[in-house]
Protein chains: 2
Amino acid sequence: MSAPSHLSDLGPAPCAEQGSALRLTRQRREVYDVLLERRDHPTVQEVFARAKERMPKISLATVYNCLEALMQVGLVRQVNLHRSPSRFCPNLSDHAHFHCAACGQVSDIPLEATPCPTLPDGAVLHQQEITLRGLCPHCASPKHS
Amino acid sequence: MSAPSHLSDLGPAPCAEQGSALRLTRQRREVYDVLLERRDHPTVQEVFARAKERMPKISLATVYNCLEALMQVGLVRQVNLHRSPSRFCPNLSDHAHFHCAACGQVSDIPLEATPCPTLPDGAVLHQQEITLRGLCPHCASPKHS
DNA sequence: GTGAATGCAAAACCTTTGCAACTGG
DNA sequence: CCAGTTGCAAAGGTTTTGCATTCAC
């Protein structure tokens with residue numbers, strides 16, 4: 001909850017990729033706000049639904065666009081999952097994602113030490129993603145099954 | 001979304017021990033052989049095409065089935081990628097996957113130390129996936145531009 | 001023999017694209 | 001003003017499903 005509450009500074013390349021300035025549109029702001037409001041890793045459809053509540057005219061394609069744009073500037077990360085649509089995450093700290101195979105929920109797992117694999121000579125690393133799959137405490141509990 | 005019912009009958013299959021209740025069909029064997037032959041992380045379509053060469057009657061749905069079954073018993077891992085169909089990998093050793101954003105190739109990166117994030121109390125870990133994204137040596141080279 | 005797996009085709013689904021209208025800087 | 005963005009709708013591609021037939025055990 002200590003993250004940047006509002007994207008007041010989207011223009012001046014926040015997380016410094018290649019100096020691309022992001023044009024601040026109402027839609028992008030709305031999509032980003034939706035992600036910040038509840039850190040529950042929504043799917044595109046969920047982002048769309050939530051954004052629509054406050055901006056009924058917004059289109060699904062625009063949500064995809066906005067998310068892609070936010071990812072480009074480094075404010076948002078995409079989580080690619082097995083048998084499940086992608087989720088989106090505005091948490092920029094180093095962390096892994098835990099995907100429950102039963103209920104489908106995704107949660108953040110803090111990483112104390114970031115692994116540093118040896119890349120092939122000359123390779124350039126842009127991004128690193130750690131995904132854990134299993135059963136969340138609730139679904140793993142014997143009472144639950 | 002989760003908890004595919006028609007897969008549960010393969011048995012719990014903790015980690016590909018001998019007791020796996022996997023029914024050995026020609027198709028499953030063929031699909032697995034295809035994966036072992038070239039360790040190049042093929043997509044489902046590629047597996048399908050290669051399997052078809054030697055088993056012309058095999059269907060795409062069956063390839064999906066077989067891959068899912070092989071994953072359930074732990075012989076195969078699926079790699080979920082951004083803007084790219086899933087790839088499949090029969091390499092069971094601890095390793096990460098490097099996905100080149102330019103050419104799309106996926107390669108294995110050995111891990112010397114496996115990170116061990118602290119899971120929430122009661123959570124059960126089934127599998128861990130580390131995906132790196134960037135430019136492979138070839139695509140990162142200036143000459144290649 | 002019997003339940004599970006296959007093959008085929010269609011459906012469901014997620015994501016991308018094309019284009020005219022609009023808008024942020 | 002103008003390039004970049006949106007909304008809409010339709011296309012594109014991947015993955016899943018239903019059902020009759022076939023097969024492994």
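Sequence lines set the chain letters: A, B, ... in the order given, protein chains first and strands last, and positions in each chain run from 1. All heavy atoms count here, side chains included; hydrogens, waters and symmetry mates do not.
Whole-Å rounding puts the B:Leu22 CG to D:dC23 P distance at 18 Å. Put simply, CD1 on B:Ile58 is 11 Å from C1' on C:dA5, counting in whole angstrom units. Rounded to a whole Å, the CD atom of B:Glu68 is 11 Å from the C1' atom of D:dT16. Across the protein-nucleic acid pair, A:Gln72 atom CD and D:dT5 atom P stand 10 Å apart, rounded to whole Å. For the pair A:Met55 CE and D:dG7 C1', the interatomic distance rounds to 12 Å; values are reported in whole Å. Summarising the geometry, the separation between CG on B:Asn80 and P on D:dT15 is reported as 9 Å, rounded to the nearest angstrom. Summarising the geometry, the separation between CD on A:Glu46 and C1' on C:dT15 is reported as 16 Å, rounded to the nearest angstrom. In this structure, A:Lys52 places its NZ atom 16 Å from P of D:dT6, rounding to the nearest Å.
Comparing B:Leu24 and A:Pro56 against DNA chain D, the residue whose closest nucleotide sits nearer the 5' end is A:Pro56. Residue-to-nucleotide proximity on DNA chain C shows that, of A:Gln78 and B:Gln27, the 5′-proximal contact is made by B:Gln27.
For A:Thr62, counting side-chain heavy atoms from C-beta on, the closest listed nucleotide (C:dC8, D:dC8, D:dT6) is D:dT6. In the set C:dA5, D:dC8, C:dG7, the nucleotide with an atom closest to the side chain of B:Arg28 is C:dA5. Listed nucleotides D:dG7, D:dT15, C:dA9 differ in distance to B:Ala61; the shortest reach to its side chain belongs to C:dA9.
Residue contacts for B:Leu60: at a heavy-atom cut-off of 4.0 Å it reaches a base atom on one of the strands shown. Residue contacts for A:Ser86: at a heavy-atom cut-off of 4.0 Å it reaches the sugar-phosphate backbone alone, with no base atom in range. Within 4.0 Å (heavy atoms only), B:Thr25 reaches sugar-phosphate atoms of the nucleic acid but no base atom.
Minimum interatomic distance between B:Ile109 and A:Pro120 (heavy atoms only, all atoms of both residues): CD1-CD, 3.6 Å.
Residue B:Arg83 places none of its side-chain N or O atoms closer than 4.0 Å to OP1 or OP2 of C:dT15. In this model, the phosphate group of D:dT15 is approached by a side-chain N or O of B:Tyr64 to a distance below 4.0 Å at OP1 or OP2.
Using a 4.5 Å cut-off on side-chain heavy atoms (C-beta onward), B:Leu22 and B:Arg28 make contact. Contact of the A:Cys100 side chain with the A:His138 side chain is not registered, since no non-hydrogen atoms from C-beta on lie closer than 4.5 Å. Taking 4.5 Å as the limit, some side-chain heavy atom of B:Val79 sits within range of a side-chain heavy atom of B:Glu129.
In this model, a side-chain donor or acceptor of A:Arg23 finds a partner on the base of C:dT23 within 3.5 Å.
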Under the criterion salt bridge (charged side-chain N to carboxylate O under 4.0 Å, His left out), I'd like the reasoning laid out for B:Glu37 against B:Arg54: C-alpha separation, chi angles, the key distance, then a yes or no. CA-CA 13 Å; B:Glu37 241 159 54; B:Arg54 290 191 286 180; 2.7 Å; yes
